[in-house]
**Q** 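Structure provided below as structure tokens; questions to follow.
Counting from 1, the numbers follow the sequence of the chain as shown. Treat the numbers as computed from the prediction; the structure is a model and nothing was measured.
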Amino acid sequence: MTIASAEKDARAEKRQAEAAWIRKNDSFAGVEEVLDLAKPRGDEARDAATTAAAQVAEKLEAALEAGTQKSDIKLKSLSLEKLRARLQRAAKSKSDEDLALIARQWTHNYDDYMEFSGSASERGPHMYPLVSAFILYVQRHVKAMHAPAAARKRGGSLTAARLLLPSAESDFTPNHAHEDEKVGLALHNCPVSAKPQPHPGTHPRDFFAIVACKVLYFYDEALDQLIDSTRRVYWAQGNRRFAWALSVCSRCVYAVVMLHDAVLVSPVMDVSKPAGRKQFVELLVNWAVCDDVRAGYDPTMEFDPISKQYRIQCPNKGGKMRTYTTTGYLFAQGDVLGRHTRCFVAERDRKKGGPKEVVVIKDAFTVSKPPPDDNVHNEIVLLSEITDTFRGKELDFIYPELVRGGNVVLPTGGSQVSGVAHNGVYDFDDNTDGILSLMGVAREDVPEAGKDGVKGKRSSWRQQPYRIHRRLAMRPCGEELEMDVNQAELTVVLAEAMRCHTAIHSRCKILHRDISPNNFLVVRGSDGLPRGLLIDFDYAISVKRTSQIGQPGQSGTLPVMSIGNLEYDGTVQTALDDWESLLYTLCMWGTRGLTSEKRRDGKRVLTDLPIGEWSRGTCAERAREKRNHMRSADDFWTSIGQHFHPSCRALEPLAVELHAALFLREGCAGTRIKRPDLDIPNDFNPCMLFEAPTRV
């Protein structure tokens, strides 16, 4: 097996396992409020959407019943390629009849049609044109009934925010995705001015929702596919707050909404029955009519399809906005659940001749506690303290300087894709409570995690952690560490970043708690030489304030968490936890290889190496494996050191010394002290291991 093939298989296996885990642990079925979330804001808009949906459903019923056995037989005899061509012609036709006849094979003639189409694997692709025909029928009528708000008459029309057009292709690979990351069908977010026809695009930046179709009732498989595919939506859409999806199992349709900590699935809409078809029509109409906030978009981040840039409004603590235009995408979060962190390089909008301000904008949904400004984990507060401490000082390191930041508050009522302006009133607090309020429910607290760090089992989907949408601008700007560094530069970057870590801990009494590969940036000056910047203080704590709130819980990036953090038995976290995470980060880089070296040697597959155990299993299992690997110098070498990539051999001595300092020093076992009465010398600082100069 080639390295590329092994990477592909390992990647697919990991994604499938993650999707199945989310389905089993964080998905909730039969949530009626999912359909409420899609309903437009305001009584007048809701009444208009309800009236329009009833009219469309009535016309659709008549058109479906108009089909005959003769017309059904003609469609059943078509190959998949000819069926797609028939769908294209039907969408372009002025008559609704052909679209309804194709949709009829799904709603009225499904069993007979699918039996005629061959084996299960052969029948599967035939579902997509049938479902697409139903959706296009509804969108055609939405467009026909659309009128601008100023011209709309009560009961006679509605104001649409978008058209949802199914992709022309099915089972396709989206732009910038790996070959094995196929999407069954996508609904594209299109302006109302678009023609209601199958959409030729395949870029996930335009996807409103992913659709998974299964011939039989394979509910779990369909949901797993949606969870896996939606990662690409979050990766490509920097302004997506939550995502929609559709699961189609035979003739059972489910609306799916993926929030930051839960995947919610609506009750079934059975399109074999008139009531189910009407429900599905209502959902499609509501999706087309609701504003960007309910659709899951962020109105304060406007994407320009021509320049491919975002215009981002960044608040300060008082809520006053400043607009920046992005010039690059530094980091995109590709996970379905969690913070959805994105980082952009951006320039402040300025008048001609004004000063140039280049910043990194970080956007994330951070776990907090109401009221958020009192939370000891508030990154904006902590960065303000760091900035105030170091600004204007002569330093041998660079630090993340906060320019501005605040909680994101959204305006409502607009649609960016159709150019509909929002109401200009910033009154929607973008947090978990705000999103759940759109569904008409109140959030409930999540059960406390156990001593092993495993979160408690939720008894209700309403039990969700409180997350708040925060955005901040900081400087200097850098690049991902793996973009273009060699071994010597990596050492320099890590040394400077950890000097900053030590200074922040000693002078600001702030502990980072998430040392991991993504949280180091390389900053290059005009001379091209590298400097190291430590970022992402989402999990950081103010050590001097922890006594007020108690010891904080488990934090960090699982594969590089310290053993003490993984075992989570109440032991106080210290700076040594962060240094231990640095050791694991260094080992991950050394084993896998750096991107700049990839051009010659290729990245290493970690799956079959001992270090791969750090990325599998429970926290306790990962901690046990790390203990075995770190137990002695010989264990470290045979399990980890000898597997360093040939292009990273120069990193081995640093890893060996760091391991010895943390695990082989008398009385220490990583972050665990073997003898409680042992005093660690004040001069014990692993940063002394970095002998490289601050410049290469």
**Q** Do Gln16 and Asp224 touch side chain to side chain, with heavy atoms closer than 4.5 Å?
**A** no
**Q** Between Asp445 and Arg443, does any NZ, NE, NH1 or NH2 come within less than 4.0 Å of an OD or OE carboxylate oxygen?
**A** yes
**Q** Looking at Tyr584, does the NZ or CZ of Lys626 lie under 6.0 angstrom from its six-membered ring centre and within 45 degrees of the ring axis?
**A** yes
**Q** Any chance you could lay out the side-chain contact (heavy atoms from CB on, under 4.5 Å) test for Cys587 and Phe636, step after step, and finish with the verdict?
**A** CA-CA 10 Å; Cys587 291; Phe636 179 74; 3.8 Å; yes
**Q** Got Ile504 and Phe537 here, is their nearest side-chain heavy-atom distance under 4.5 Å?
**A**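 Result yes, sub-4.5 Å side-chain heavy-atom pair found.
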**Q** Going by heavy atoms in the side chains, are Ile563 and Phe663 under 4.5 Å from each other?
**A**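 The answer is yes; the side chains approach within 4.5 Å.
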**Q** Rounded to the nearest 0.5 Å, what separation is found between the CG atom of Leu264 and the CE atom of Met258?
**A** 10.0 Å
**Q** Look only at the side chain of Glu652 and the backbone of Phe644, and say whether a donor-acceptor pair between them is shorter than 3.5 Å.
**A**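 Not a single qualifying donor-acceptor pair exists.
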**Q** Would you say the side chains of Asn378 and Ser368 form a donor-acceptor pair under 3.5 Å?
**A** no
**Q** Are a donor atom and an acceptor atom from the side chains of Trp614 and His629 found within less than 3.5 Å of each other?
**A** yes
**Q** Say whether, by atom type as modelled, one donor and one acceptor occur between the side chain of Ser460 and the main chain of Arg462 under 3.5 angstrom.
**A**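 Pair found, side chain donor or acceptor close to backbone of Arg462.
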**Q** Before accepting this row, confirm whether a basic side-chain N of the pair Glu567/Arg627 lies closer than 4.0 Å to the acidic partner's carboxylate O.
**A**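 Looking at Glu567 and Arg627, the cut-off is met.
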**Q** Do Asp363 and His469 have side-chain N/O donor and acceptor atoms under 3.5 Å apart?
**A** yes
**Q** Report the residue from Val560, Leu558, Leu582 that forms a side-chain contact (heavy atoms from CB on, under 4.5 Å) with Ser516.
**A**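 With Ser516 as partner, Val560, Leu558, Leu582 yield a single side-chain contact (heavy atoms from CB on, under 4.5 Å), made by Val560.
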**Q** Let me see the working for Ile515 and His512 under side-chain contact (heavy atoms from CB on, under 4.5 Å), right down to the final yes or no.
**A** CA-CA 7 Å; Ile515 299 298; His512 189 277; 3.9 Å; yes
**Q** Take Trp589 and His645, measure what side-chain contact (heavy atoms from CB on, under 4.5 Å) needs, and give me the verdict at the end.
**A** CA-CA 9 Å; Trp589 270 323; His645 193 283; over 6 Å; no
**Q** If we ignore hydrogens and angles and just use 3.5 Å, is the side chain of Arg513 paired with the main-chain N or O of Tyr539 as donor and acceptor?
**A** yes
**Q** Please check if any side-chain donor atom of Asp578 sits under 3.5 Å from a side-chain acceptor atom of Ser581, or the reverse.
**A** no
**Q** Can you check whether Thr230 reaches Phe207 side chain to side chain, under 4.5 Å on heavy atoms?
**A** no
**Q** Assess Arg240 against Phe208: is NZ or CZ under 6.0 Å from the centre of the six-membered ring, and within 45 degrees of the ring's axis?
**A**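 Positive - Arg240 is close enough to the ring of Phe208 and near enough to its axis.
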**Q** Would you call Asp220-Lys24 a salt bridge at under 4.0 Å N-O?
**A** no
**Q** Can a donor-acceptor pair be found, under 3.5 Å and without considering hydrogens, that links the side chain of Ser542 to the backbone of Ile510?
**A**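 No, because the side chain of Ser542 does not come within donor-acceptor range (under 3.5 Å) of the backbone of Ile510.
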**Q** Between OG of Ser647 and CZ of Arg592, what distance do you get to the nearest 0.5 Å?
**A**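 Going from OG on Ser647 over to CZ on Arg592, the span is 11.5 Å.
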**Q** Which distance, rounded to the nearest 0.5 Å, do you find between the CG of Leu337 and the CD1 of Ile22?
**A** 4.5 Å
**Q** Decide if the gap between the ring center of Phe344 and the ring center of Phe331 is smaller than 6.0 angstrom.
**A**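 So the answer is no for these two rings.
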**Q** Quick test of your reading of the model: are Arg470 and Glu379 salt-bridged, counting only N-O distances below 4.0 Å?
**A** no
**Q** When rounded to the nearest 0.5 angstrom, what is the spacing between CD1 in Ile435 and CZ in Arg241?
**A**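 That separation rounds to 5.0 Å.
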**Q** Nearest 0.5 angstrom please: Leu511 CG to Ile541 CD1, how far?
**A**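 Nearest 0.5 Å value for the CG-CD1 distance: 5.0 Å.
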**Q** Side chain of Thr618, backbone of Glu621: donor and acceptor closer than 3.5 Å?
**A**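 The answer is yes, because a donor-acceptor pair under 3.5 Å joins these two groups.
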**Q** Ignoring hydrogens and angles, state whether a donor on the side chain of Lys182 or Gln225 is under 3.5 Å from an acceptor on the partner side chain.
**A** no
**Q** Ignoring hydrogens and geometry, is there a side-chain-to-backbone donor-acceptor pair from Gln464 to Trp461 under 3.5 Å?
**A** yes
**Q** Is the shortest heavy-atom distance from the side chain of Val233 to the side chain of Arg205 under 4.5 Å?
**A** no
**Q** Decide yes or no for Ser615 and Met588: does some side-chain heavy atom of the first lie under 4.5 Å from some side-chain heavy atom of the second?
**A**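 Sidechains of Met588 and Ser615: in contact.
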**Q** Ion pair present between Arg524 and Glu489, side-chain N to carboxylate O less than 4.0 angstrom?
**A**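 Looking at Arg524 and Glu489, the cut-off is met.
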**Q** With the threshold set at 4.0 Å, does a side-chain nitrogen-carboxylate oxygen contact exist between Asp228 and Arg15?
**A** yes
**Q** Between Arg467 and Asp261, is there a salt bridge with N-O shorter than 4.0 Å?
**A**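 Looking at Asp261 and Arg467, the cut-off is met.
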**Q** Quick check: does any side chain N or O of Glu625 sit under 3.5 Å from a backbone N or O of Arg622, one acting as donor and the other as acceptor?
**A** no
**Q** Looking at CD of Gln237 and CG of Asp206, how far apart are the two atoms once the value is rounded to the nearest 0.5 Å?
**A**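 Between Gln237 CD and Asp206 CG, I get 7.5 Å after rounding to 0.5 Å.
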**Q** By side-chain contact (heavy atoms from CB on, under 4.5 Å), which residues pair with Ala503, not counting sequence neighbours?
**A**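 Testing Ala503 for side-chain contact (heavy atoms from CB on, under 4.5 Å), a comparison that skips the adjacent residues, returns Phe390, Phe397.
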**Q** Using side-chain contact (heavy atoms from CB on, under 4.5 Å) as the criterion, point out the one residue from Cys249, Ser27, Ser247 that pairs with Leu223.
**A**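 One option only clears the test, and that one is Ser27.
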**Q** Donor-acceptor check, side chain of Asn565 to backbone of Ser562, threshold 3.5 angstrom: yes or no?
**A** no
**Q** Work out which heavy atom in Ile210 is nearest to a heavy atom in Leu226; give both atom names and the distance.
**A**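 For Ile210 versus Leu226, the nearest heavy atoms are O-CD2, 3.4 Å.
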**Q** Just so I know, are the side chains of Leu246 and Val256 near enough to count as touching, which here means a heavy-atom distance under 4.5 Å?
**A** no
**Q** So, does Glu181 use its side chain to make a donor-acceptor pair with the main chain of Pro174 at under 3.5 Å?
**A**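 The answer is no, because no donor-acceptor pair under 3.5 Å joins these two groups.
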**Q** Determine the interplanar angle of the His501 and His505 rings, folded into 0 to 90°, and report it as parallel if under 30°, tilted if 30 to 60°, perpendicular if over 60°.
**A** parallel
**Q** Give a yes-or-no answer on whether the side chains of Asp536 and Asn518 include a donor-acceptor pair shorter than 3.5 Å.
**A**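 No, no side-chain donor-acceptor contact under 3.5 Å.
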**Q** Between Leu662 and Trp579, is the side-chain contact (heavy atoms from CB on, under 4.5 Å) condition met? List the steps.
**A** CA-CA 8 Å; Leu662 290 168; Trp579 281 99; 4.1 Å; yes
**Q** When you compare the side chains of His340 and Asp335, does any donor N or O come within less than 3.5 Å of an acceptor on the partner?
**A**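 Looking only at side-chain atoms, Asp335 and His340 do not form any donor-acceptor pair under 3.5 Å.
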**Q** Does the side chain of Asp514 come within less than 4.5 Å of Asp538's, by heavy atoms?
**A**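 With C-beta onward as the side chain, the pair stays apart.
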